[in-house]
Structures are given as C-alpha cells and as structure tokens.
Amino acid sequence: MPFYGFASLFISSYLWYTISWNVDSGYDRFDIKYGIVCIFRWGFPRKNRRVFLRFLIKYIFNPSEYLFMLGVSFIWRSEAREPFH
C-alpha cells in the first residue's frame, strides 16, 4: 500500500506543477492571407521553455497521408450518390 501512496503523491505533484507553470498553454494562428501558420506553446521551465513554430500552410500534411507514411493501412469508405438533375 505505501507504493500507491508514493505513486499518487508523485502524480499529483506533477499535475499541480503543470497547472501552476501553465504547461502546454498557448495559441494557434492561421493567416490565410499570407499562407502562414503560427503555433505558440509554453513548456516546462528550462532553457527552451517557449516554443514558437511558423510554417507555410502548403506544407501541412493531410492526416491520412501522415498515417500512410507511418505504415498504418486503412480503407476509405465512400458512397456514390446520384447526380442532381
């Protein structure tokens, strides 16, 4: 039983530190006019706590292409509809 007490103590302290340090808070900005995506996040307190990524929208992968690159295979289900007259 002491193992569970110590484990819960460490997990709860980890969660309280992440809440008090604002870990993974930030914003995403999509600028369609210039075609730029900016992602800003705060990490754990250390030298590189601030994470700021900026890249072009045309370089964003389609999630299905990314899964295909990882070797995940799946079947797309599509339905054919009658054209409108």
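The local environment of CZ in Arg49 is crowded, with over 12 non-hydrogen atoms from other residues, nucleotides or ligands closer than 6.0 Å. Atom CZ of Phe40 has more than 12 neighbouring heavy atoms from other residues, nucleotides or ligands inside a 6.0 Å radius. Remark: Phe3 CZ is loosely packed, at most 12 non-hydrogen atoms of other residues, nucleotides or ligands lying under 6.0 Å away.
Residues Val23 and Leu15 fall within the same hydrophobic cluster, defined by Ile, Leu, Val, Met, Phe, Trp and Tyr side chains chained together at heavy-atom separations under 4.5 Å. Grouping the Ile, Leu, Val, Met, Phe, Trp and Tyr side chains by contacts below 4.5 angstrom, directly or via other members, places Phe30 apart from Phe52.
Taken from OH in Tyr17 to CG in Asn22, the straight-line distance is 15.5 Å, to the nearest 0.5 Å. Atom OH of Tyr27 sits about 11.0 Å away from atom CD1 of Ile39, to the nearest 0.5 Å.
In terms of heavy atoms, Arg41 sits closest to Gly26 at NH1-C, 3.2 Å. Of all heavy-atom pairs spanning Ile36 and Cys38, the tightest one is CG2-SG, 3.9 Å.
Ring centroids of Phe44 and Trp42 are separated by 6.0 Å or more, keeping the two rings apart.
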